[in-house]
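Fair warning: this is a prediction, and the values are worked out from it, not measured in the lab.
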Amino acid sequence: MTTAVEKRAEFQRLHQAGCFVIPNFWDVGSARMLQGLGFKALASSSAGFAWTLGQMDNEVTLEGKLAHLAAVCAATDLPVNADFENGFADAPEDVAVNVRRALEAGVAGLSIEDMIRGPERALYDVDMAVARVRAARGAIDAEGGGAVLVARAEGILVGKMDVHQALDRLVALADAGADCLFAPGLRTPDDIAAAVRAVAPKPLSVLMVTPGGTVAQMADLGVRRISVGGSLARAAWGGFLAAAREIADDGTFARLGSGASGAEIKTLLTS
């Protein structure tokens, strides 16, 4: 099994040049299958994991998230980036404590959001957002293992910032010590290219959740990494619900024939 130090070294290397896709798992099985498909790194999905527990995004406890991350990190040889929400804390010193616990779970990187946990989806002011990233940076540096710190600016995604405001936030978070910057909600090529320029030379991560756009196009814009958030989990649930609704509503079983074969599943889980 690849060690955490080796995984973090590889994760750092992936962020240094080129463009890679970091798909989002929701449990050990989905992580192992993504590894079997040849991806180079994996990311957790806070929403995808929550749904496996019958919960909504941002309802999973810190203890539940840490156990989930530890299980997946132990089950794959790939670097794992944790969707660590807001660090499960408001105060910077508490964020640092929780980041240390995520590192102990074996993650190769983690993201910290600038959004307060709760249904109102409020954002921290810039000074607090910066202080929280600095605290996470300090925890990672003190641990010494080389994990990647991703800072997320959520303003566009939740409709509380325009692109220019979000880019200013990304620059502040980059200056605070983030290794990689992420503003979910960037959509147009011009906005993505502007974000790449704003945070350079640090890498930009983008979120792809709808059809359209390609890895090659993102690479041409200067994007370093691409995630899909909870979209793979939603796609899986979509297939499940379509088949289950056919049984419930029509009493037929035709959609069961479109599922993955047991042999394919075995191959991916054991590769």
Side-chain angles (χ1 to χ4, degrees), residues 1-16 20-50 52-53 57-58 60-89 94-113 132-133 135-152 177-180 182 203 205 224-225 227-230 232-233 268-271:
M1 176 63 71
T2 309
T3 68
V5 171
E6 291 169 333
K7 292 176 184 178
R8 290 171 186 172
E10 173 62 12
F11 205 37
Q12 289 280 0
R13 188 193 66 77
L14 287 171
H15 284 80
Q16 290 169 7
F20 68 100
V21 178
I22 181 167
N24 302 75
F25 60 83
W26 55 93
D27 60 10
V28 168
S30 58
R32 291 282 295 276
M33 289 192 190
L34 290 169
Q35 174 177 301
L37 288 171
F39 290 100
K40 302 301 183 185
L42 306 175
S44 70
S45 164
S46 61
F49 175 54
T52 70
L53 302 177
D57 197 9
N58 301 126
V60 175
T61 66
L62 172 62
E63 299 303 325
K65 176 62 70 73
L66 292 171
H68 167 60
L69 293 172
V72 174
C73 289
T76 177
D77 289 323
L78 297 182
V80 170
N81 190 96
D83 177 350
F84 209 51
E85 305 181 37
N86 76 330
F88 293 86
D94 295 331
V95 171
V97 170
N98 294 341
V99 165
R100 286 194 289 272
R101 296 189 67 191
L103 297 174
E104 291 169 358
V107 301
L110 55 84
S111 61
I112 297 293
E113 299 172 0
R132 288 161 40 79
V133 168
R137 173 82 273 154
I140 290 172
D141 290 347
E143 192 261 359
V148 173
L149 174 59
V150 183
R152 291 178 49 142
D179 296 305
C180 180
F182 190 10
S205 182
R224 188 59 46 79
R225 74 182 214 178
S227 71
V228 296
L232 281 176
L268 292 172
L269 286 178
T270 57
S271 61

K.L.:
Roughly how far apart are Thr2 OG1 and Leu78 CG, rounded to 0.5 Å?
P.N.:
8.0 Å

K.L.:
Just wondering, do Leu269 and Met33 contact through their side chains at under 4.5 Å, heavy atoms?
P.N.:
yes

K.L.:
Tell me, with the steps shown, if Phe49 and Val72 meet side chain to side chain contact (heavy atoms under 4.5 Å, CB included).
P.N.:
CA-CA 11 Å; Phe49 175 54; Val72 174; over 6 Å; no

K.L.:
The test is side chain to side chain contact (heavy atoms under 4.5 Å, CB included); show your working for Glu143 and Ile140 and say whether it passes.
P.N.:
CA-CA 5 Å; Glu143 192 261 359; Ile140 290 172; 5.7 Å; no

K.L.:
What's the shortest heavy-atom distance between Ser45 and Asn24, and which atoms?
P.N.:
CB-CB, 3.9 Å

K.L.:
Taking only residues two or more places apart in sequence, or in another chain, which ones meet Phe39 in a ring-ring contact (aromatic ring centres under 6.0 Å, His included)?
P.N.:
none

K.L.:
If the condition is side chain to side chain contact (heavy atoms under 4.5 Å, CB included), which residues does Ser205 pass it with, not counting sequence neighbours?
P.N.:
Cys180, Phe182, Arg225

K.L.:
Under a 4.5 Å cut-off applied to non-hydrogen side-chain atoms, are Arg101 and Glu63 in contact?
P.N.:
yes

K.L.:
If we only count heavy atoms from C-beta on, is the Glu104 to Leu66 side-chain gap below 4.5 Å?
P.N.:
no

K.L.:
Before giving the answer on salt bridge (charged side-chain N to carboxylate O under 4.0 Å, His left out), spell out for Lys65 and Asp83 the whole-Å C-alpha distance, their side-chain angles and the decisive distance to 0.1 Å.
P.N.:
CA-CA 9 Å; Lys65 176 62 70 73; Asp83 177 350; 5.1 Å; no

K.L.:
Please name all residues satisfying side-chain hydrogen bond (donor to acceptor under 3.5 Å, both in side chains) with Gln16, sequence neighbours left out, ordered by chain then number.
P.N.:
none

K.L.:
Of all heavy-atom pairs between Asp179 and Ala147, which one has the smallest distance, and what is that distance?
P.N.:
OD2-O, 3.7 Å

K.L.:
Looking only at non-hydrogen atoms, find the nearest pair between Val99 and Ala136 and report the distance.
P.N.:
CG2-CB, 4.0 Å

K.L.:
For the residue pair Asn86 and Ile112, establish whether any side-chain heavy-atom pair is separated by less than 4.5 Å.
P.N.:
no

K.L.:
Using modelled atom types and a 3.5 Å cut-off, is there a donor and acceptor pairing between side-chain atoms of Arg224 and backbone atoms of His15?
P.N.:
yes

K.L.:
How close do Pro79 and Ala108 get, counting heavy atoms only, and between which atoms?
P.N.:
CB-CB, 3.7 Å

K.L.:
If you round to the nearest 0.5 Å, how far is CG of Leu268 from CG of Leu34?
P.N.:
9.0 Å

K.L.:
Who pairs with Arg32 by side-chain hydrogen bond (donor to acceptor under 3.5 Å, both in side chains), at least two apart in sequence or on another chain?
P.N.:
none

K.L.:
Taking only residues two or more places apart in sequence, or in another chain, which ones meet Lys7 in a side-chain hydrogen bond (donor to acceptor under 3.5 Å, both in side chains)?
P.N.:
none

K.L.:
Start with the C-alpha gap between Ser46 and Asp57, add the side-chain angles, then the distance that decides, and say whether side chain to side chain donor-acceptor pair (under 3.5 Å) holds.
P.N.:
CA-CA 6 Å; Ser46 61; Asp57 197 9; 2.7 Å; yes

K.L.:
Which value, rounded to the nearest 0.5 Å, describes the distance between Glu85 atom CD and Glu113 atom CD?
P.N.:
6.5 Å

K.L.:
Find out whether Phe25 and Thr76 are in side-chain contact, i.e. whether some heavy atom of one side chain is under 4.5 Å from a heavy atom of the other.
P.N.:
no

K.L.:
Out of curiosity, Ser227 OG to Asn81 CG, how far, rounded to the nearest 0.5 Å?
P.N.:
8.5 Å

K.L.:
List the atom of Ala82, the atom of Val107, and the distance in Å for their closest heavy-atom pair.
P.N.:
CB-CG1, 3.9 Å

K.L.:
Working to the nearest 0.5 Å, report the span between CG of Asp27 and OG of Ser44.
P.N.:
12.0 Å

K.L.:
Evaluate salt bridge (charged side-chain N to carboxylate O under 4.0 Å, His left out) for Glu10 paired with Arg13, printing each intermediate quantity in order.
P.N.:
CA-CA 5 Å; Glu10 173 62 12; Arg13 188 193 66 77; 2.7 Å; yes

K.L.:
Would you check if Val150 and Phe84 make a side-chain contact, meaning some heavy-atom pair closer than 4.5 Å?
P.N.:
no

K.L.:
Work out which heavy atom in Val228 is nearest to a heavy atom in Pro23; give both atom names and the distance.
P.N.:
CG2-CA, 4.3 Å

K.L.:
Holding to salt bridge (charged side-chain N to carboxylate O under 4.0 Å, His left out), I want the full list of residues that pass it with Glu6, two or more places apart in sequence or in another chain.
P.N.:
none

K.L.:
Carefully, step by step, assess Gln12 and Val148 under the rule side chain to side chain contact (heavy atoms under 4.5 Å, CB included).
P.N.:
CA-CA 7 Å; Gln12 289 280 0; Val148 173; 3.8 Å; yes

K.L.:
If you apply the rule side chain to side chain contact (heavy atoms under 4.5 Å, CB included), what do you find for Leu53 with Val60, and how did you get there?
P.N.:
CA-CA 8 Å; Leu53 302 177; Val60 175; 4.1 Å; yes

